**Student:** 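I'd like to ask some things about the structure below.
The structure displayed is predicted, hence computed values, not measured ones.
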Protein chains: 2
Amino acid sequence: MGAEARRRTTRQLALVLDAVRASGTEHPSADRIFARVRAVLPTISLGTVYRNLHRLAAEGHIGIVHLGDRLARFDPMPGGHDHFVCEQCGHIEDLPATSLDLEANAARQAGHQVTGHALVLYGLCRACGTSPT
Amino acid sequence: MGAEARRRTTRQLALVLDAVRASGTEHPSADRIFARVRAVLPTISLGTVYRNLHRLAAEGHIGIVHLGDRLARFDPMPGGHDHFVCEQCGHIEDLPATSLDLEANAARQAGHQVTGHALVLYGLCRACGTSPT
DNA sequence: CTCGGTGCAAAGGGTTTGCATACAT
DNA sequence: ATGTATGCAAACCCTTTGCACCGAG
């Protein structure tokens, strides 16, 4: 180990992290982050946003969420929790972390080691389930 | 409702379904299905494979699985069950269906209706966890 | 005979990458 | 001074689509 690449702190990196942290519950996509940061630093490029997003995720500062569609979404909370997605309005909500002991059991009984999971619940959110279609 | 489009049965549709059904536990991607079918019907096109894959999924004959990587995988079993993915060798394993009552509860308490879920467990499969790195 | 399905090839859209330059250390 | 991070733009990759022809009903 040892030989880890030396990492530099740049304005771009800080701004990308800020943007994700300021996104609250929104779970923005990369191009949304791009737009936000660009409002502050107009010269930043999309490639840089992606590189910093991945670096931040690798260092455990932010989380990446895959919701079944093609694009990745970013989350100020690094991990552990799950998500609920409304199939009608697209609203995304954080759910508390779960141990998933029951579910992981099947895998463990097959001799596998479970180290993590991704869980997305689908349905109708309160607003969509209440209002007329 | 009523006015449903009339659907035709073609050799291509049947072969795509056959290929998915014959894939067992492999969870093949679209281009893998494409290759398999092409071995039997060399003139079939990728576009047709995708169209039939989606039609079969919409009709509930096969399942689509998103594992966090970029491409979709197809499953002879329509739904209900979960998956385990080995982070080292990429092996995919089916897990029995789970109700996820505990997890869905948090969403229900917020007033949402939960109609489905996608759960992927990550870790080291038996082979990778046992053998030396 | 009809009109839904097919093949082909080009377009799409998110993400990654090569390269010369800028800048953190 | 050193070499990592950036900006730009092209490349990638999976997937979707427009269009003219084919073939199931």
**Student:** Roughly how many Å is it from CG in Asp69(B) to C1' in dC12(D), rounded to a whole number?
**Tutor:**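 That distance rounds to 16 Å.
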**Student:** Closest nucleotide of DNA chain C for Thr43(B) versus for Arg70(B): which of these residues is on the 5' side?
**Tutor:**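 By nearest-heavy-atom nucleotide position, the 5'-most residue is Thr43(B).
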**Student:** Would you say Tyr50(A) places a side-chain N or O within less than 4.0 Å of OP1 or OP2 belonging to dT15(C)?
**Tutor:**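 Checking dT15(C) against Tyr50(A), a side-chain N or O does come within under 4.0 Å of OP1 or OP2.
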**Student:** Tell me the interatomic distance from Glu59(A), atom CD, to dT4(D), atom C1', rounded to whole angstroms.
**Tutor:**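 Checked: the CD to C1' distance equals 13 Å.
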**Student:** What heavy-atom pair brings Ala72(B) and Ile64(B) nearest, and what distance separates the two atoms?
**Tutor:**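 Scanning both residues completely, I find the closest heavy atoms to be CB-CG2, 4.1 Å.
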**Student:** For Arg73(A) and dT15(C), give me the distance from atom CZ to atom P, rounded to whole Å.
**Tutor:**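 The distance from CZ of Arg73(A) to P of dT15(C) comes to 10 Å, rounded to the nearest Å.
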**Student:** Which whole-number value in Å describes the distance from Leu56(B) CG to dG5(C) C1'?
**Tutor:** 13 Å
**Student:** Answer yes or no: does a side-chain N or O of His54(B) lie under 4.0 Å from OP1 or OP2 of dT16(D)?
**Tutor:**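 So the side chain of His54(B) is within the cut-off, an N or O lying under 4.0 Å from OP1 or OP2 of dT16(D).
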**Student:** Regarding Asp31(A), tell me which of base, sugar-phosphate or nothing describes its non-hydrogen contacts under 4.0 Å with the strands shown.
**Tutor:**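 Since no nucleic acid heavy atom lies under 4.0 Å of Asp31(A), the category is nothing.
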**Student:** From CG of Leu15(A) over to C1' of dA5(D), roughly how many Å is that when rounded to an integer?
**Tutor:** 14 Å
**Student:** For Asn52(B) and dA24(D), give me the distance from atom CG to atom P, rounded to whole Å.
**Tutor:**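 For the pair Asn52(B) CG and dA24(D) P, the rounded distance is 14 Å.
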**Student:** So does Arg126(A) have more than 12 non-hydrogen atoms from other groups sitting under 6.0 Å from CZ?
**Tutor:** no
**Student:** Where each residue is assigned the nucleotide of DNA chain C containing its nearest heavy atom, which of Leu13(B) and Leu46(B) is assigned the position nearer the 5′ end?
**Tutor:** Leu13(B)
**Student:** Does atom CZ of Arg36(B) have more than 12 heavy-atom neighbours from other groups under 6.0 Å away?
**Tutor:**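 Enclosed.
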**Student:** For Leu13(A), is there any backbone N or O sitting under 3.5 Å from a side-chain donor or acceptor partner on Thr10(A)?
**Tutor:**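 It does hold such a pair.
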**Student:** Strictly under 3.5 Å: I want the nitrogen or oxygen pairs between protein and nucleotides 21-25 of chain C, one per line.
**Tutor:**
{"unit_1": "dA24(C)", "atom_1": "O3'", "unit_2": "Thr9(A)", "atom_2": "O", "d": "3.4"}
{"unit_1": "dA24(C)", "atom_1": "N3", "unit_2": "Arg8(A)", "atom_2": "NH1", "d": "3.2"}

**Student:** Please round to the nearest 0.5 Å and tell me the distance separating atom CG of Asp82(B) and atom CD of Glu103(A).
**Tutor:** 7.0 Å
**Student:** Would you kindly give the CG-to-P distance between Leu41(A) and dC8(D), to the nearest whole Å?
**Tutor:**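 About 10 Å, once rounded to whole Å.
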**Student:** Report yes if a donor N or O on one partner sits less than 3.5 Å from an acceptor N or O on the other, where the partners are the side chain of Arg51(B) and the base of dG4(C); otherwise report no.
**Tutor:**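 Donor-acceptor pair under 3.5 Å: no.
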**Student:** Can a side chain N or O of Gln12(B) be found less than 4.0 Å away from OP1 or OP2 on dT6(C)?
**Tutor:**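 So the side chain of Gln12(B) is within the cut-off, an N or O lying under 4.0 Å from OP1 or OP2 of dT6(C).
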**Student:** Which heavy-atom pair separates Tyr122(B) from His117(A) by the least distance, and what is that distance?
**Tutor:** CD1-CA, 3.9 Å
**Student:** Short question: side chain of Arg73(B), backbone of His27(B) - any donor-acceptor pair under 3.5 Å?
**Tutor:**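 Flag set: sc Arg73(B) to bb His27(B) pair under 3.5 Å.
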**Student:** Could you state the atom-to-atom distance from CZ of Phe34(A) to P of dG13(C) in whole Å?
**Tutor:** 17 Å
**Student:** Within the structure shown, what part of the strands sits under 4.0 Å from Arg55(A) by heavy-atom distance: base, sugar-phosphate, or nothing?
**Tutor:**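 Touches sugar-phosphate only.
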